[in-house]
Amino acid sequence: MNENEAFDPQQFKAEARDSWSRAAIGWNVHTPQIRRWLANATSAMLDAANILPGSCVVDVAAGAGDQTLDAARRVGPNGYVLATDISPNILHFAATNARGHGFDNVQTMVADAENLNLPAASFDAAICRLGLMFCPDPKRSLQEIHHALKPGSRVSVLVYSQVERNPCLAIVMQTALEYAGLPWPDPYMPGTLFSLSRPGDIGELFASAKFHDITTSAIPAAFSLPSAFAYVEFIRTSTSSVMRLLGMLTPSAREAALLEMESRLRQFQTPSGWEGPNELLLTAGAR
Ligand SMILES: C[S@@+](CC[C@H](N)C(=O)[O-])C[C@H]1O[C@@H](n2cnc3c(N)ncnc32)[C@H](O)[C@@H]1O
């Protein structure tokens, strides 16, 4: 978008839906790697939402459903998880994965996080793993979650922390932008990767949506893979922001950008494999 164009949230979300639909296969294929990468953070998120046997949970921006299935495991046969996402393609994988793992307590619903339209006070917990920062109006999304939660129940959300704490993502974004001839945009631009990373912002957002007992903690989440090449493959096939930038390049420029990313990312190679530092923010609150 150029700076003279007015921001159109509906167009922004249509583009997000389409680009995540294109990334859906890659994100799903990489589930085992994503699962290892986010294991500790996911478990902390589920604890912070106080998910118990028998709970009814809504999972916002559920993607291919990795954390949905963890929630389904915790709630057990007497509980229920509703996985929601703006992209029908990625949510299709969540439904298929739930069936494949024998969970009949999981349902899916295509929905914009800012317009969940759920019945009032109908859920015991809500979670959102790496999705809220993609909402151009995240307060609206938190208000929708607040509306759907029973009084006293909890929400927990994982987002990326500051760009300096996520150097691998910074390198891939910087390289893609360089090759596309674009400047580094405002990292806090709504709806983008680091939009909720400024210290204090997400807590204030929770408070503005009327949550209380709000806590935020930083969770290290190193991405361990065999090589920098494997990380570039993950990024190239599974992350909508970088895929969109790479899509602007000619095939030869794209190839050159990917090789440059790999070369810059080799600084994280260790004798036992590739270890990319990442940090997430876990924010939780009560309705
Ligand atoms: C990084 S993926 C995370 C998926 C999943 N929660 C996980 O951690 O594996 C981001 C997800 O946010 C979804 N998303 C982006 N904008 C959204 C919106 N406005 N409403 C609902 N989902 C959205 C995308 O479709 C995608 O599935």
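From a predicted model like this one, the values you see are computed outputs, not experimental measurements. Counting convention: from 1, in listed order, for ligands and their atoms alike. Basis for what follows: all heavy atoms, side chains included, without hydrogens, waters or symmetry-related copies.
- Listed by number with element, the atoms of ligand 1 under 4.0 angstrom from any heavy atom of S87 are 25 (O).
- To the nearest 0.5 Å, atom NZ of residue K139 and atom CD of residue E114 are 12.5 Å apart.
- Relative to atom 16 (N) of ligand 1, the option among W37, F12, W20, F134 with the closest non-hydrogen atom is F134.
- S238 pairs with exactly one of R22, Q33, H30 by the side chain to side chain donor-acceptor pair (under 3.5 Å) rule, that one being H30.
- Within the model, atoms OH of Y160 and CG of N278 stand 6.0 Å from one another, a figure rounded to the nearest 0.5 Å.
- Between I86 and ligand 1, at least one pair of N/O atoms sits closer than 3.5 Å.
- Set against the non-hydrogen atoms of L130, the atoms of ligand 1 under 4.0 Å away are 1 (C), 2 (S), 3 (C), 10 (C).
- At a cut-off of 3.5 Å, with distance as the only test, a side-chain donor of E275 or S224 sits close to an acceptor on the other residue.
- Where the criterion is an N or O separation shorter than 3.5 Å, residue side chain and backbone included, D85 meets it with respect to ligand 1.
- For I219, the CD1 atom is densely surrounded, since the number of other residues' heavy atoms within 6.0 Å is greater than 12.
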Exercise. Please step through ring-ring contact (aromatic ring centres under 6.0 Å, His included) for the pair W20 and F134, ending with a clear verdict.
Key: CA-CA 11 Å; W20 276 107; F134 294 124; 5.6 Å; yes
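- Here F268 and Y231 keep their ring centres 6.0 angstrom or further from each other.
- In the vicinity of D112, heavy-atom distances shorter than 4.0 Å reach the ligand 1 atoms 18 (C), 19 (N), 20 (N).
- Neither the backbone nor the side chain of S240 comes within 4.0 Å of ligand 1, counting heavy atoms alone.
- Taking any N or O of K13, backbone or side chain, none lies under 3.5 Å from an N or O belonging to ligand 1.
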Self-check item: Stepwise side-chain contact (heavy atoms from CB on, under 4.5 Å) check, D66 with L38
Solution: CA-CA 10 Å; D66 176 50; L38 297 177; 5.7 Å; no
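- The closest protein non-hydrogen atom to atom 8 (O) of ligand 1 is R129 NE, 2.6 Å.
- Taking only nitrogen or oxygen atoms, main chain and side chain alike, A61 reaches within less than 3.5 Å of ligand 1.
- Under a 4.0 angstrom heavy-atom cut-off, E114 registers as lying outside contact with ligand 1.
- The structure places CZ of R198 at 9.5 Å from CD of E204, a figure rounded to the nearest 0.5 Å.
- Short contacts between ligand 1 and A113, defined as distances under 4.0 Å to a heavy atom of the residue, involve ligand atoms 18 (C), 20 (N), 21 (C).
- Side chain to side chain, T42 and D70 fail the donor-acceptor criterion of an N or O pair below 3.5 Å.
- Residue contacts with ligand 1 include A111, since one of its heavy atoms falls under 4.0 Å from the ligand.
- For ligand 1, the atoms sitting less than 4.0 Å from at least one non-hydrogen atom of Q67 are 5 (C), 6 (N), 7 (C), 8 (O), 9 (O), numbered in the order shown with element in parentheses.
- Of all the atoms in ligand 1, the ones that sit under 4.0 Å from a non-hydrogen atom of I90 are 27 (O).
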